[in-house]
2 protein chains.
Amino acid sequence: MAFGLVGWSTALYFSSDYNLVSGSEAIMAGGRPRSFDSDTALDRALEVFWRQGYEGTGISDLTKAMGINNAPSLYNAFGNKEQLFSKVLDRYADGPARYIREAFDQPTARAAVETLLHGAADATTDPDRPRGCITVQGALACSPGTEAVREELAARRAAGETALRERLRRARSDGELPAGTDPEGLARYFATIYQGIAVQAAGGASRQQLHGIVDTAMTVWPQRADA
Amino acid sequence: MAFGLVGWSTALYFSSDYNLVSGSEAIMAGGRPRSFDSDTALDRALEVFWRQGYEGTGISDLTKAMGINNAPSLYNAFGNKEQLFSKVLDRYADGPARYIREAFDQPTARAAVETLLHGAADATTDPDRPRGCITVQGALACSPGTEAVREELAARRAAGETALRERLRRARSDGELPAGTDPEGLARYFATIYQGIAVQAAGGASRQQLHGIVDTAMTVWPQRADA
DNA sequence: ATAGTTTTTTAGCACACGATAAAAAACACC
DNA sequence: GGTGTTTTTTATCGTGTGCTAAAAAACTAT
């Protein structure tokens, strides 16, 4: 009874979009095969959204870049423009922005922040990719009909800031940071640096210049009294 | 002869757009009077562009907000969308962003930077205006057809950074900053803070939080050895 | 071969975009 | 009151937007 209900409701949920690409490639039971690879298509879509922003990107820009001939194939595979953008953001986090999560693997908070910011300097000036950061320039300001996208990007930025704050909190507990340190304020400061670097990169600043900014920014790091 | 030629060519130049609003109100010789005030109309246009960005703003959004009934009146008064945006940016610099130029009136470079950044914290969170900074969020990323606007904004940001660099250079000459100070790098750092603050404000950070960021950012200020 | 499933293709929807030609309206000057 | 000038109004233009219904095509399983 319970199993039946659960199974039924689950099937009902998936039936609305089980042919959509979610994580890795979906298992297909028969039917005409896709003429394109979903992951590389997402990479192409990422590049366009990254360069042109959400509102600056048209469906035709996407299909052209993704190697999809017609709009219906795109809608069939990825849902509407907004859903596609979300999938693109996930792929961004797992691809070009993977360095962010990896920075938190550093043994000390200071090394984590340094790795994060120098990684940003590199990632936002990668010659093989668009300048800047899609999370910042994807939709900083937009028309009322795109508010949801703007808010999703703001939420993703906030999530990064939260992770940073928690890492700094832990560093204070561990004694890496002085007891008087304000983790919230410090995390906000480094998030501001991060986002400022994204704007600088979008404006044409060189990789070397951005690394210099990071070096300057790191000088605010609180020193322990006994150091 | 010379006067005639000059007068003629001047008239020719102005004849293409002498009815456009440039700085203050144009002197009109006869003709049907404007049904709207150009400066307040520009203020309304500024608000829309500020909130929605260049590409997120439609002509109909503008006419509605500016109190202009029909598109031709807008085109007649301000030229096309791109020209209107330029005039709006000028009005922004003389209005809500006036604090930027005024910050340079401070007696010391340090006071100038402090005034500039705390001014940014206030201006980007003014409850009576859109969040953030139009120079940053107006067109960070855009479609290929809007590249000129993106570049104009980048140029305006670069101009601010240049002014800051020159002020810091002077401070080094004056002895306010140590001889070993790098004015370019320091100016880039503070410009990054400024732009990061704009992103933070667009994302919903409070005024108080932004002032805290500024206080943290100012701790990098180089100390003289004899201080 | 047939049936079932999925994708692609074809064609087009309703609407919004930036921008403009032509005419009507409202003023100044004489 | 007429003339000249400028703005507003009316009615679009051509193009692009995000999106979709319906049919054809390409596969799997039987």
Side-chain angles (χ1 to χ4, degrees), chain A residues 11 14-22 25-38 41 45 48-49 52-64 66-86 139 142-146 148-149, chain B residues 11 14-22 25-38 41 45 48-49 52-64 66-86 139 142-146 148-149:
Chain A
F14 279 123
S15 73
S16 64
D17 60 348
Y18 71 105
N19 57 333
L20 261 54
V21 175
S22 43
E25 208 64 24
I27 317 102
M28 188 179 55
R32 180 168 176 170
R34 286 250 164 83
S35 64
F36 57 91
D37 178 65
S38 298
V48 181
F49 275 131
Q52 303 185 192
Y54 182 80
E55 288 195 318
T57 300
I59 300 292
S60 64
D61 295 326
L62 293 166
T63 54
K64 210 170 300 174
M66 296 165 88
I68 300 176
N69 283 330
N70 308 291
S73 291
L74 185 148
Y75 285 94
N76 177 61
F78 303 104
N80 65 17
K81 187 184 176 186
E82 193 175 326
Q83 294 172 305
L84 169 60
F85 188 67
S86 265
C142 60
S143 66
T146 314
V149 172
Chain B
F14 279 122
S15 72
S16 64
D17 61 348
Y18 72 106
N19 56 335
L20 261 56
V21 175
S22 44
E25 208 65 23
I27 317 104
M28 188 178 54
R32 179 168 176 170
R34 286 250 164 80
S35 64
F36 57 91
D37 179 63
S38 297
V48 181
F49 275 131
Q52 303 185 192
Y54 182 79
E55 287 195 319
T57 301
I59 299 292
S60 64
D61 295 326
L62 292 166
T63 53
K64 210 171 300 175
M66 296 165 87
I68 300 176
N69 284 331
N70 308 292
S73 292
L74 185 148
Y75 285 94
N76 177 59
F78 303 104
N80 65 18
K81 187 184 176 185
E82 193 174 327
Q83 294 171 306
L84 169 60
F85 188 67
S86 265
C142 61
S143 66
T146 314
V149 172

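Since the model is a prediction, treat every value here as computed from it, not as a measurement. Quick note on labels: first sequence line is chain A, next is B, and so on, each numbered from 1.
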- Task: Could you tell me which residues satisfy ring pair (Phe, Tyr, Trp, His ring centres under 6.0 Å) with Phe85(A), sequence neighbours excluded, listed by chain and number?
- Result: Phe49(A), Tyr54(A)
- Compare side-chain N and O positions of Asn70(A) against OP1 and OP2 of dT8(C) and report whether any pair is under 4.0 Å apart. no
- From CD of Gln83(A) across to C1' of dC19(D) the rounded distance in Å is 12 Å
- Message: Applying side-chain contact (heavy atoms from CB on, under 4.5 Å), can you list everything that pairs with Asn80(A), at least two apart in sequence or on another chain?
- Response: Tyr75(A), Glu82(A), Gln83(A)
- Tell me whether the OP1 or OP2 atom of dT7(C) has a side-chain N or O from Ser73(A) closer than 4.0 Å. no
- Item | CD1 on Ile59(A) to NZ on Lys64(A), rounded to 0.5 Å | 12.5 Å
- Query: Can you name the closest pair of heavy atoms from Ala41(B) and Met66(B) and give their distance?
  - Reply: O-CG, 3.4 Å
- Query: What is the distance from CG of Asp37(A) to P of dT7(C), rounded to the nearest Å?
  - Reply: 14 Å
- To the nearest 0.5 angstrom, please state how far the OG1 atom of Thr63(B) sits from the CZ atom of Phe36(B). 10.5 Å
- In whole angstrom, what separates Leu74(B)'s CG from dT20(C)'s P? 12 Å
- Query: So, is Ser35(B) close to the dT7(D) phosphate, meaning a side-chain N or O under 4.0 Å from OP1 or OP2?
  - Reply: no
- Note on the structure: Asn76(A) CG to dA21(D) C1', in whole Å, measures 14 Å
- Query: Mind checking what makes side-chain contact (heavy atoms from CB on, under 4.5 Å) contact with Gln52(A), not counting sequence neighbours?
  - Reply: Val48(A), Thr57(A), Asp61(A), Ser143(B), Pro144(B)
- Item | Leu62(A) CG - dC19(D) P separation (whole Å) | 11 Å
- Residues at least two apart in sequence or cross-chain that pass side-chain hydrogen bond (donor to acceptor under 3.5 Å, both in side chains) with Ser35(A), listed by chain then number, are none
- Item | Between dT7(D) (P) and Phe78(B) (CZ): distance, integer Å | 11 Å
- Query: Out of dT8(C), dC27(C), dT10(D), which has the shortest distance to the side chain of Arg34(A)?
  - Reply: dT8(C)
- Quick note, Asn69(B) side chain, CB onward, closest among dT9(D), dT8(C), dT9(C) is dT9(D)
Detail all sub-3.5 Å separations between protein N/O atoms and N/O atoms belonging to nucleotides 14-18 of chain D.
residue	atom	partner	partner atom	Å
dG18(D)	OP1	Thr57(A)	O	3.1
dG18(D)	OP1	Lys81(A)	NZ	3.0
dG18(D)	OP2	Ile59(A)	N	2.7

- Message: Holding to side-chain hydrogen bond (donor to acceptor under 3.5 Å, both in side chains), I want the full list of residues that pass it with Ser60(B), two or more places apart in sequence or in another chain.
- Response: none
- Item | Atom pair OG1/CD of Thr146(B) and Glu55(A) - distance to nearest 0.5 Å | 11.0 Å
What are the atom names and distances for every N/O pair under 3.5 Å that joins the protein to nucleotides 1-3 of chain D?
none

Restricting both atoms to N or O, compile the protein contacts to nucleotides 21-24 of chain C shorter than 3.5 Å, with distance only.
none

- Task: Any chance you could lay out the side-chain contact (heavy atoms from CB on, under 4.5 Å) test for Lys81(B) and Val149(B), step after step, and finish with the verdict?
- Result: CA-CA 10 Å; Lys81(B) 187 184 176 185; Val149(B) 172; over 6 Å; no
